[in-house]
Amino acid sequence: MLKKVLFVMFILLNAYSIEVTDILGRKVNIKDNVSKVALTFYFEEYFSATGKQGVSKIAAWSKKYWHGRRQASWDAFTKEFPTLLDIPDIGYGPKKTISFEKIISLQPDLVIFAKIDYEYVKNNLEKLEKANIPAVFIDFHDENLDNHLKSMQILGAIFNENERVEKINNFYKSKFDLVTTRINNAKDLKRPKVYAEFSEKAGAMQIGVTWDNKMWGAFIELAGGENIAKGKIKGTSAPLNPELIISANPDVIIFAGNYFENSFKNIPLGYNITEEQAKLNLKAYEDRLGWSKINAVKNKNMYALYHDLSRHIFDFAGILFFAKAIHPELFSDIDPKKELELFFNEFYPIPLSGTWMVKF
C-alpha cells in the first residue's frame, strides 16, 4: 500500500513541477516539459519564445484570430509550417465562441489565454480545473511594458526558454527605453496633435476605430504626442465622430493597416505586401469630406503601419515608428524597419517580408 502511495506522489510531483504567477496574479501549477498547448491569442509571442520547436506543441488554437483577419501573417506562417493548417480550432474569445468542451476533448497540458479573454471565459474556467487543464493569462494589449516583459517571462518559464526570453526582453526593453529617454530629456517638448485610426476592410468610406489609452492610443502619449481621441471614446476602441476629427485638426495621422483576405479596399500592410499596394488607396483617405482642411493632410504628415506592430512582442518597432513620425527631429537616426529586421533575424521563426510601415 505504501509503495502505491509513494508511486502516486511521485507521479503527481513530476506531473506538476512548475508554479507560475500569471498576469492576473493567479498562481498556476504547470506540468514540466509542456508538449501540448492551446492558444487563444499572442501566437507571435509564443513563437518568439519557443522558436520553430513550438510549432509541433500547438494542440489547439483560436483560428479566427489569424485566418481571414491577419491573412498575410496566416499565409506566411502556414507556408513555412504547413502542419499549422491541421491544428483544431477552439473558437475565439472576443466572438464568445470558445468551446471548452472541445478544449477538454483535446487534452492540452495547458491553455494560454489573453488577459482580454478573461471576461469571456471566467465563468468556464472551473470546467478546465475539473479536467486538470491549467489556464494561464498573459497580456500585451494594455501596452504596459511591465506586463509585456512579465508575459514573456511566463512563456519562458512554461517552455523552459528562460535564457532565450531574457535576450528577447533585453532587446525589446532597450527600444522603449530609447524612446522614453529622448522624449523625457527633450527641452520644451511640444506635443503635436495625433489621430490614429484602424483602416477597416471597407476602406476609406468607413471611419475606423481609434483608441483612448490602449494600444495605439497609449503609443501616441508615449511617443510624445497628444491623442485627439483621449477621453472621447468608450471601451478599448471605437470610431470618433468624423466632425470631431476635422475640428481637432491633428498634425499627424497614422493608420494601422492589415491585409484582409480578397480585399484591397483598405491600406494593406504586412507580409508579402508591396509598398505600391500599401499606398494605392491613400488618395481615398485624403479625399474624405473635410479632410483637406486638416494640417496632417495639408502637410503630408500621414503614415501607416502594420496593425500587428501594436500589442505584440515586435511593437517596439511600432513605438519607434510613432516616435519618428511625431518627432522626426529627435529620431532622425532611428530606422524602425532595420530594428524589426534585426528582431526577425535573431528571434523569429519565419523571415520578414513585405511592407510593414509607410509614409504617404
Side-chain angles (χ1 to χ4, degrees), residues 69-70 94 114-116 139-144 179 191-260 263 265-270 278 281-312 315 317-327 356-360:
R69 293 179 70 248
R70 304 281 182 272
K115 179 185 171 186
I116 60 165
D139 174 58
F140 286 82
H141 269 73
D142 285 352
E143 293 300 352
N144 177 310
V179 172
R191 290 183 174 266
K193 290 187 288 186
V194 183
Y195 171 58
E197 177 184 323
F198 181 68
S199 176
E200 302 282 357
K201 186 176 182 180
M205 62 179 293
Q206 180 178 352
I207 298 292
V209 300
T210 189
W211 300 263
D212 187 338
N213 60 354
K214 304 290 185 184
M215 293 177 60
W216 300 119
F219 270 21
I220 293 173
E221 299 285 330
L222 190 61
E226 176 188 339
N227 182 9
I228 68 166
K230 188 173 184 179
K232 296 182 174 63
I233 60 172
K234 294 181 179 178
T236 301
S237 63
L240 271 185
N241 183 311
E243 294 181 358
L244 192 153
I245 300 170
I246 297 169
S247 65
N249 193 20
D251 301 298
V252 178
I253 295 176
I254 304 175
F255 291 100
N258 173 41
Y259 168 58
F260 290 95
S263 174
K265 293 181 180 179
N266 74 329
I267 303 172
L269 285 161
N281 294 331
L282 170 67
K283 187 64 178 173
Y285 286 85
E286 289 180 330
D287 289 344
R288 280 173 165 175
L289 186 62
W291 274 44
S292 62
K293 303 175 184 176
I294 296 176
N295 281 342
V297 178
K298 289 190 292 187
N299 298 323
K300 301 293 183 184
N301 284 328
M302 297 178 68
Y303 304 79
L305 77 171
Y306 186 31
H307 189 51
D308 277 3
L309 287 174
S310 79
R311 48 103 167 96
H312 281 302
D315 61 9
I319 190 61
L320 292 175
F321 184 81
F322 263 58
K324 189 167 184 174
I326 297 170
H327 291 287
W356 288 50
M357 49 193 83
V358 290
K359 182 182 188 304
F360 295 111

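All values reported here derive from a predicted model rather than from experimental measurement. Sequential numbering from 1 along the given sequence is applied to the chain's residues.
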Inter-residue atom distance [X].[atom1] - [Y].[atom2], 0.5 Å rounding:
| X | Y | atom1 | atom2 | answer |
| --- | --- | --- | --- | --- |
| N144 | N213 | CG | CG | 11.0 Å |
| W216 | I254 | CH2 | CD1 | 8.5 Å |
| S310 | H141 | OG | NE2 | 7.5 Å |
| I267 | E197 | CD1 | CD | 8.0 Å |

Could you tell me whether a side-chain N or O of [X] sits under 3.5 Å from a main-chain N or O of [Y], the two making a donor and an acceptor?
| X | Y | answer |
| --- | --- | --- |
| N281 | N266 | yes |
| T210 | L240 | no |
| K193 | A248 | yes |
| K359 | A325 | no |
| H327 | G224 | yes |
| N241 | E243 | yes |
| R288 | Q206 | yes |
| N227 | A218 | no |

Next on the checklist: Does the plane of the ring in W291 sit parallel, tilted or perpendicular to the ring in F255? Use 30° and 60° as the thresholds.
Outcome noted: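 The arrangement is parallel - the two ring planes meet at less than 30°.
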
Checklist entry - Below 4.5 Å, heavy atoms only, C-beta onward: do M302 and V297 meet side chain to side chain? => result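 Contact flag for M302/V297 side chains = yes.
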
Checklist entry - Hey, would you say the F219 and W211 ring centroids sit under 6.0 Å apart? => result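 That pair fails the under 6.0 Å test.
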
